[in-house]
Amino acid sequence: MPRTDARVWRAARSFEELAALTAEWLEGRLSGHPNGHHDGPDPETIPLVPVLAQANRGGFLTEGSQPGELAHHEGAPWHQRAFVSGFAGPGLAATVNELACRAGLVTRVYLPAGRPMLEGGSVDVTRWGSRINTGIGDFLKPRSVRRTFPGCHADALCGVIGAWQVTVVDPEWGRNDLLWPTLRHALETHQVLDQPTGYSCGIMTRDAGEG
């Protein structure tokens with residue numbers, strides 16, 4: 001990562017600042033990201049930049065995403081399910097979960113302690129021929145969060161670790177016109193709560209209820 005970018009990321013002291021920097025990186029104002037992407041987003045992510053930047057500025061710190069795709073690779077079908085994953089406060093997490101489920105999307109939502117609101121576990125998101133290549137939606141332990149944002153300040157990392165983890169997946173292989181409008185709608189629907197987006201490490205320990 002360029003030294004100037006590394007200094008900017010190290011200076012972030014909160015969840016909100018990391019999310020704002022992620023939006024800046026998506027839009028090309030920063031070339032480096034702590035997770036190793038030092039030449040900007042992948043080409044397939046470029047069409048998603050507007051909604052992903054809106055998500056980050058709206059309190060959903062994105063950790064990963066991909067568009068839906070039906071293609072061929074080395075003579076075999078290559079299929080992708082659209083997905084987005086990241087971190088949010090409980091109000092936004094609940095709104096994203098509710099509107100995504102209404103739209104027929106698959107969600108994974110975890111409390112900071114790792115207990116899922118409803119069903120937990122990985123969802124297949126890439127397939128090459130008959131072989132599943134990638135799954136998404138498992139709970140990220142604090143160690144994994146720190147590996148996603150290496151070199152960032154402990155205060156900012158505590159905000160991420162203390163946030164809820166949210167993953168939304170389109171169950172239809174190749175479809176790319178449902179998840180992103182739904183995410184945008186959830187962001188626009190969400191009412192800002194009188195509580196911080198992120199949490200200090202270990203604040204929330206209650207079990208999640210059904211519903």
Side-chain angles (χ1 to χ4, degrees), residues 15 19 22 35-36 42 44-45 48 51-52 55-56 59-70 77-149 157 159-176 178-180 182-183 185-187 190 197-199 201-211:
F15 177 100
T22 301
N35 67 7
D42 292 335
E44 70 174 5
T45 304
L48 307 179
V51 67
L52 293 176
N56 280 277
F60 184 7
L61 171 59
T62 57
E63 179 271 332
S65 64
Q66 74 178 20
E69 182 181 26
L70 298 177
W78 173 264
H79 295 167
Q80 293 185 176
R81 285 172 166 151
F83 84 84
V84 63
S85 63
F87 308 88
L92 180 55
T95 300
V96 171
N97 180 66
E98 180 180 355
L99 295 184
C101 289
R102 286 184 189 176
L105 301 169
V106 176
T107 64
R108 296 289 186 266
V109 181
Y110 296 92
L111 292 167
R115 189 177 180 89
M117 286 178 60
L118 296 171
E119 181 181 2
S122 179
V123 181
D124 299 333
V125 293
T126 64
R127 182 174 66 190
W128 185 30
S130 59
R131 186 180 72 186
I132 298 299
N133 275 42
T134 312
I136 196 74
D138 283 327
F139 177 72
L140 294 180
K141 296 180 180 179
R143 179 179 298 179
S144 297
V145 173
R146 295 187 183 98
R147 288 174 178 170
T148 301
F149 297 96
L157 290 174
V160 180
I161 292 168
W164 292 36
Q165 297 184 18
V166 182
T167 299
V168 183
V169 181
D170 191 327
E172 182 174 321
W173 293 98
R175 184 167 59 184
N176 201 42
L178 178 60
L179 190 155
W180 311 112
T182 302
L183 176 60
H185 179 47
L187 294 166
H190 174 64
T197 304
Y199 293 87
C201 295
I203 268 187
M204 296 189 65
T205 58
R206 68 178 179 83
D207 290 345
E210 296 288 344

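Just so it is clear, the structure is predicted and the values come from calculations on it, not from any experiment. Position 1 is the first residue of the sequence; numbering continues from there.
Partner of Val168 under the side chain to side chain contact (heavy atoms under 4.5 Å, CB included) criterion, out of Leu183, Thr107, Val106: Thr107 alone.
One finds the NZ atom of Lys141 at 10.5 Å from the CZ atom of Arg147 (value rounded to the nearest 0.5 Å). Note: Arg81 CZ to Asp170 CG = 8.5 Å, rounded to the nearest 0.5 Å. Rounded to the nearest 0.5 Å, atoms CZ (Arg175) and CG (Leu70) are 11.5 Å apart. Atom OG of residue Ser85 and atom CG of residue Asp138 lie 11.0 Å apart, to the nearest 0.5 angstrom. The distance from atom CG of Leu179 to atom CD of Gln66, rounded to the nearest 0.5 Å, is 10.5 Å.
A distance-only check finds no donor-acceptor pair linking the side chain of Glu63 to the backbone of Phe87 [under 3.5 Å]. Between the side chain of Asn56 and the backbone N or O of Thr62 there is at least one donor-acceptor pair closer than 3.5 Å.
For the residue pair Gly137 and Tyr110, the shortest heavy atom distance occurs at O-OH, 2.8 Å. Nearest approach of Val145 to Leu157, heavy atoms of both residues: O-CD2, 4.4 Å. Smallest separation of non-hydrogen atoms from Val166 and Ala93: CG2-CB, 3.6 Å. Residue Ala186 comes nearest to Thr95 through the heavy atom pair O-CG2, 3.6 Å, listed as atom of the first residue, atom of the second, then distance. When all heavy atoms are compared, the tightest approach of Thr126 to Gln80 is CG2-CG, 4.1 Å. Considering all non-hydrogen atoms of both residues, Arg127 and Trp173 come closest at NH1-NE1, 3.3 Å.
Residues Thr167 and Val84 have side chains not in contact (no heavy-atom distance under 4.5 Å, counting atoms from C-beta outward). Residues Thr134 and Phe83 fail the side-chain proximity criterion, which asks for heavy atoms closer than 4.5 Å. Contact check for Leu99 versus Arg102: side-chain heavy atoms found under the 4.5 Å cut-off. For the pair Trp78 and Asn133, the minimum side-chain heavy-atom distance is below 4.5 Å. Between Ile161 and Arg146 there is a side-chain heavy-atom pair separated by less than 4.5 Å. Residues Leu111 and Trp164 meet the side-chain proximity criterion, which asks for heavy atoms closer than 4.5 Å. Leu92 has its side chain within reach of Leu187: a pair of non-hydrogen atoms, C-beta onward, lies under 4.5 Å apart. When side chains are defined from C-beta on, Glu172 does not count as touching Leu178, because their heavy atoms never get closer than 4.5 Å.
Under the side-chain hydrogen bond (donor to acceptor under 3.5 Å, both in side chains) criterion, Asp124 pairs with no residue, sequence neighbours left out.
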Trp180 and Leu52: CA distance, side-chain angles, deciding distance, side-chain contact (heavy atoms from CB on, under 4.5 Å) verdict: CA-CA 9 Å; Trp180 311 112; Leu52 293 176; 4.1 Å; yes
